[in-house]
Trainee: 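My questions all concern the structure below.
Because only heavy atoms are used, hydrogens play no part in the values below, and waters and symmetry mates are left out as well, while side chains stay in. Chain letters run A, B, ... following the sequence lines, proteins first and then strands; every chain starts at 1.
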Amino acid sequence: MELTKLCWGATALEVQLPAGTTKRRVAEQACLSLLTSCETLLRLTQIHALILKLGLHRNPLVLTKFAATSSHFDAAHYAASFIFPDDDRPAPHRDAFLFNTLIRAFAHSAAHSKPRALRLYSAMLRHDVPPNKFTFPFLLKACAGLADLPLAKTLHSSVVKFGFDRDLHVRNTMIHMYCCCGDAAESAQKVFDGSPRRDSVTWSAIIGGYARAGNSARAVALFREMQVTGVCPDEVTMVSVLSACADLGALELGMWLESYVERKSITKSVELCNALIDMFAKCGDVDRAMKVFREMEVMRTIVSWTSVIVGLAMHGRGLEAVSVFDEMVEQGVEPDDVAFIGVLSACSHSGLVDKGRYYFNTMQNRFCILPKIEHYGCMVDMLSRAGLVNEALEFVQAMPIEPNQVIWRSIVTACHARGELKLGETISEELIRREPMHESNYVMLSNIYAKLLRWEKKTKVREIMDVKGIRKIPGSTMIEMNGEIYEFVAGDKSHDQYKEIYGMVEEMGREIKREGYVPTTSKVLLDIDEEDKEDALYRHSEKLAIAFVLLNTPPGTPIRIVKNLRVCEDCHSATKFISKVYNREIVVRDRNRFHHFNNGLCSCGDFW
DNA sequence: CTAGGGTTAG
């Protein structure tokens, strides 16, 4: 009975004990029970002290439970201190199980603690405790978190040395580890290729790896290959494929994936629903994203809300984004820093300056979130876009953190759009001094010179770029048609239909000019005569893609295209006219946002 | 005691 006083009353009393248990076993059970209900770090330290007091610090059951619990509080070092006491207390019997538990605890902890998982592995070998098949998945996971490729290769050899390279779990984790170390295409692919058995986890690991690396086309291709081999994708696989699909902006594929989920009765986990929301938003159908969000059967998390808010923001539907944000707060879901980035960017894209200011204050005052550079970035962007360039500059001066290049670039973009060319020039030059290898700094300056009609200066910028070997990122446009993805680059002649396409572009030019379109030739890079400039504009990938879709789809079919850069001023204007003349809804995904063209108008209200 | 997954300014 003395024991119950030591333990925290009620908790210990509730422990169910078989009749005739020894006093020692009572203590053990009490500690285990306390650990199960442990909810704070403070309580954990109290239990730590209790374990020492009761002399249970060598009890394997208690130690493993303690290690597992400690990992919830990122406090695995408490557990480590039992296993490697720093005083003269005798150490417990250390077997692989004990090491594994501790390695797992460190592998799941914050990045700065992860190296301890690896040191424990060394200690394990030093103490002649051979690792077992459970050791490596934990260890490789720690390495994945560290994104350390040389280390990954070392661990890979250890796996081979101990003969676990045939274990499915170990191989799967190895693929994941290599992907996290930035080597999906080489090392991870090699492990994948050499896998005698592949289950849905194997496929998810490699597909997710390519998706995270930005190689979405490869991720989708692998998904198709997976289906051929007959391994059933599960909800985790689908999440990875959906995120690749979102990146590509391939709506047809996305809709097919959604129906696949239904058809195969794949569990609609929160993550899967969130991936669907994100996919539909990024593929241009934000209403469908809303529908998924509204009809979710599982509990929505902050990520679900944020995905839908960011989705609405991208489509310029700022008021709806704001009202979803308010609804979220009303429902008692605490917004985090990412949710605020979403709502602030919604205000920015829709010119809701007052609302933006309100949320920026609310974030700090009501929700006690310290604004990060991204939040300041949203505010500066919002003010600049709204034409309040001076206020944006004052805001930058008053910022408690150093503004970054992104912030300066958004001011320059606004300067360009608002005709504040002198200021834009000064900032661009400064940007070039600070980041001489960044392509877009030169492009911005060059565009400003074009607007000022300073052709000699523009040519000079161009020359500097050549000398420094800075290449302009080629603009490309993707479209999806009948399950195929086509990519166009400026002046592209690789397509079978290219003659018809160029013919169509010519025709489009004639038709829209009749409606009042005037080519915006000032942005063309070269100082050439007006007619040639117009010709250069007609070669833009976006126009080629639109011509291609007009040629190959029945009248009235909406046109959806995805660009890798921001849409240029001329293409934006031309697309408006095309939507009217050809009576097509045209949905364009930019580097930054969506433009919905309809009957001669764009949803961005011409300011983007 | 083992593996794979969702949102982030321009």
Trainee: Does the side chain of His349(A) get closer than 4.0 angstrom to OP1 or OP2 of dA9(B) through an N or O atom?
Mentor: no

Trainee: Reckon Asn132(A) touches a base, only the sugar-phosphate, or nothing at all at heavy-atom distances under 4.0 Å?
Mentor: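 The residue Asn132(A) makes base contact.
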
Trainee: Quick check: any donor-acceptor pair below 3.5 Å linking the side-chain of Asp167(A) to the base of dA3(B)?
Mentor: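 Between dA3(B) and Asp167(A), which were checked side chain against base, a qualifying N/O pair under 3.5 Å is absent.
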
Trainee: Please say whether more than 12 non-hydrogen atoms of neighbouring residues, nucleotides or ligands are located less than 6.0 Å from CD in Glu186(A).
Mentor: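 No - once you tally the heavy atoms of other residues, nucleotides and ligands closer than 6.0 Å, there are 12 at most.
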
Trainee: Tell me whether the OP1 or OP2 atom of dA3(B) has a side-chain N or O from Lys133(A) closer than 4.0 Å.
Mentor: no

Trainee: Under 4.0 Å, counting only non-hydrogen atoms across every strand here, what does Asp337(A) touch: a base, just sugar-phosphate, or nothing?
Mentor: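 Since no nucleic acid heavy atom lies under 4.0 Å of Asp337(A), the category is nothing.
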
Trainee: Under 4.0 Å, counting only non-hydrogen atoms across every strand here, what does Thr237(A) touch: a base, just sugar-phosphate, or nothing?
Mentor: base

Trainee: Once you apply a heavy-atom cut-off of 4.0 Å, does Thr173(A) come out as touching a base, just sugar-phosphate, or nothing?
Mentor: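 The answer is sugar-phosphate, as Thr173(A) gets under 4.0 Å only of primed atoms, P, OP1 or OP2.
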
Trainee: By the 4.0 Å heavy-atom rule, please label Glu235(A) as base, sugar-phosphate, or nothing.
Mentor: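 Base contact.
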
Trainee: Does Ile206(A) reach a base, just sugar-phosphate, or nothing at all? Heavy atoms under 4.0 Å.
Mentor: nothing

Trainee: Check whether any side-chain heavy atom of Met328(A) sits under 4.5 Å from a side-chain heavy atom of Arg300(A), and report yes or no.
Mentor: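 A side-chain contact under 4.5 Å is absent here.
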
Trainee: By side chain to side chain donor-acceptor pair (under 3.5 Å), which residues pair with Glu295(A), not counting sequence neighbours?
Mentor: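 So Glu295(A) forms a side chain to side chain donor-acceptor pair (under 3.5 Å) with Lys291(A).
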
Trainee: What contact category does Thr64(A) fall into here, base, sugar-phosphate, or nothing, at under 4.0 angstrom with non-hydrogen atoms?
Mentor: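 The answer is nothing, as Thr64(A) stays clear of every strand by at least 4.0 Å.
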
Trainee: Would you indicate what Arg593(A) reaches in the nucleic acid, counting non-hydrogen atoms under 4.0 angstrom: base, sugar-phosphate, or nothing?
Mentor: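 Nothing, no heavy atom under 4.0 Å.
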
Trainee: Using only modelled atom types and a 3.5 angstrom limit, is any donor from either the side chain of Asp234(A) or the base of dG4(B) paired with an acceptor on the other?
Mentor: yes

Trainee: dC1(B) P sits how many Å from Tyr121(A) OH, rounded?
Mentor: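 In whole Å, dC1(B) P and Tyr121(A) OH are 21 Å from each other.
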
Trainee: Which part of the nucleic acid, if any, lies within reach of Lys282(A) when heavy atoms closer than 4.0 Å are counted: base, sugar-phosphate only, or nothing?
Mentor: sugar-phosphate

Trainee: Is the distance between the ring centroids of His169(A) and Phe164(A) under 6.0 Å?
Mentor: no

Trainee: Please determine whether any donor N or O and acceptor N or O are separated by less than 3.5 Å between the side chain of Ser410(A) and the base of dG10(B).
Mentor: no

Trainee: Does dA9(B) have its OP1 or OP2 closer than 4.0 Å to a side-chain nitrogen or oxygen of His375(A)?
Mentor: no

Trainee: State whether the distance check finds a donor on one side and an acceptor on the other, under 3.5 Å, for side chain Thr301(A) versus base dG6(B).
Mentor: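 Result: at least one qualifying N/O pair found.
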
Trainee: dG4(B) phosphate, OP1 or OP2: any side-chain N/O from Arg212(A) under 4.0 angstrom?
Mentor: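 Indeed not, no polar side-chain atom of Arg212(A) lies that close.
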
Trainee: Can you confirm if the aromatic rings of Phe192(A) and Trp203(A) lie within a centre distance of less than 6.0 Å?
Mentor: yes

Trainee: Over all strands shown, is Asp278(A) touching base, sugar-phosphate only, or nothing at heavy-atom distances under 4.0 angstrom?
Mentor: sugar-phosphate

Trainee: With hydrogens left out and only the distance checked, is there a donor-acceptor pair under 3.5 Å joining Ser269(A)'s side chain and the base of dG5(B)?
Mentor: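 By the distance-only test, yes, there is a pair.
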
